[in-house]
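Take a look at the structure below.
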There are 2 protein chains.
Amino acid sequence: MVIEEEKFRGKIQAIQDTMYVLGGKWKLPIILSIFGGNKRFNEISKSIPNITNRVLSKELKHLEENLLIKRTVIDDYPVRIEYTVTAYCFGIEKVVKQMESWGKKHREKLGLK
Amino acid sequence: MVIEEEKFRGKIQAIQDTMYVLGGKWKLPIILSIFGGNKRFNEISKSIPNITNRVLSKELKHLEENLLIKRTVIDDYPVRIEYTVTAYCFGIEKVVKQMESWGKKHREKLGLK
DNA sequence: CGGTATCCTTGACGATACTG
DNA sequence: CAGTATCGTCAAGGATACCG
């Protein structure tokens, strides 16, 4: 059926969009870190095991471009930079919860075998 | 706090596990296609825009190794191969729904600007 | 029909050093 | 402190052709 096919194509596109914005190894961990209260570059960096500055820097830019986080320059002495999650970012909460939940189950499953 | 940190590390690990199994451009679309009733290699291939045989072949193997789909050889004339989702695969339903839902919202958001 | 083989490009990710 | 520069590796993904 044509209508069914269109629906299916829509689903695929939606999921591929999500994967583009949130996919990869680091984007969600970074968001979680900022969400958890880390604001400064080095704070975030230290909170996430094994991430390098280079990768963190690139991912922060990607997330900023996609409106999930905000970068603020605070004109103090010395100047500070703060990263915060945007209101829009709260929308991903459910996605994250489901992914976390499934990931845990999957690890258990593999562990039991 | 140490306990808080451990929780956070656990979350990160769970999400990275999920990303490893379901991440990338094609794995979820392929599962959706099989879930939607496509069983044969070429059926699946045609149902997903722009996927190549090579990529489909690799992804099917990855999904089979991770117990999400099952490959069955049907000893008919000629021999047929059928792919089906496993019971375990049903567990990802919620993840998929949330990703689909968020992806649609995100596309709208970008479209409206 | 259900893939492989071959070749290629791109991007993700990493290590290390350095800088205003 | 908040990155950038440089260099390198590996995997994802793509194009095209071919095969039993």
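Model, not experiment: these values are computed from the prediction. Letters A, B, ... are given to chains in the order of the sequence lines, protein chains preceding strands, and every chain is numbered from 1.
Judged by the 6.0 Å distance and 45° axis criteria, B:Lys109 is positioned over the aromatic ring of A:Tyr88.
For C:dC1, the OP1/OP2 oxygens have no side-chain nitrogen or oxygen of B:Arg80 closer than 4.0 Å. In this model, the phosphate group of D:dT4 is approached by a side-chain N or O of A:Ser57 to a distance below 4.0 Å at OP1 or OP2. Regarding contacts with the backbone of D:dT4, a side-chain N or O of A:Lys61 is found under 4.0 angstrom from either OP1 or OP2.
Within the 3.5 Å criterion, the main-chain N or O of B:Glu82 finds no donor-acceptor partner in the side chain of B:Arg40. The backbone N or O of B:Asn38 lies less than 3.5 Å from no partner atom in the side chain of B:Ser33, so there is not a single donor-acceptor pair. Here the side chain of B:Glu64 pairs no donor or acceptor atom with the backbone of B:Lys70 at under 3.5 angstrom.
Put simply, CG on A:Leu56 is 16 Å from P on D:dA5, counting in whole angstrom units. Atom-to-atom, CD1 of A:Ile81 to P of D:dC1 comes out at 13 Å; the value is rounded to the nearest Å. For the pair A:Lys46 NZ and D:dG3 P, the interatomic distance rounds to 14 Å; values are reported in whole Å. One interatomic measurement links the two molecules: NE2 of A:His62 to P of D:dG3, which rounds to 17 Å at whole-angstrom precision. Taking atom OH of A:Tyr83 as the reference point, atom C1' of D:dA2 lies 7 Å away to the nearest angstrom. At whole-Å resolution of the value, CD in A:Glu82 and P in D:dG3 are 12 Å apart. A straight line from CD1 of B:Ile30 to P of D:dA12 spans 13 Å, rounded to a whole angstrom. Between A:Ile74 atom CD1 and D:dC1 atom P there is a gap of 15 Å when expressed in whole angstrom units.
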Query raised in the report: In the 5'-to-3' direction, what one-character label does each nucleotide of nucleotides 5-20 of chain C receive under the scheme B = base within less than 4.0 Å of a protein heavy atom, S = sugar-phosphate only, - = no such atom?
Result: -BB-----BBB-----
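Aromatic pair A:His62/A:Tyr20: ring centres closer than 6.0 Å.
A salt bridge between B:Glu65 and B:Lys61 is absent, with no side-chain N of the basic residue lying under 4.0 Å from a carboxylate O of the acidic one.
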Report task. Could you please spell out the steps behind the side-chain contact (heavy atoms from CB on, under 4.5 Å) verdict for A:Glu100 and A:Leu28? Result -> CA-CA 10 Å; A:Glu100 187 194 336; A:Leu28 285 173; over 6 Å; no
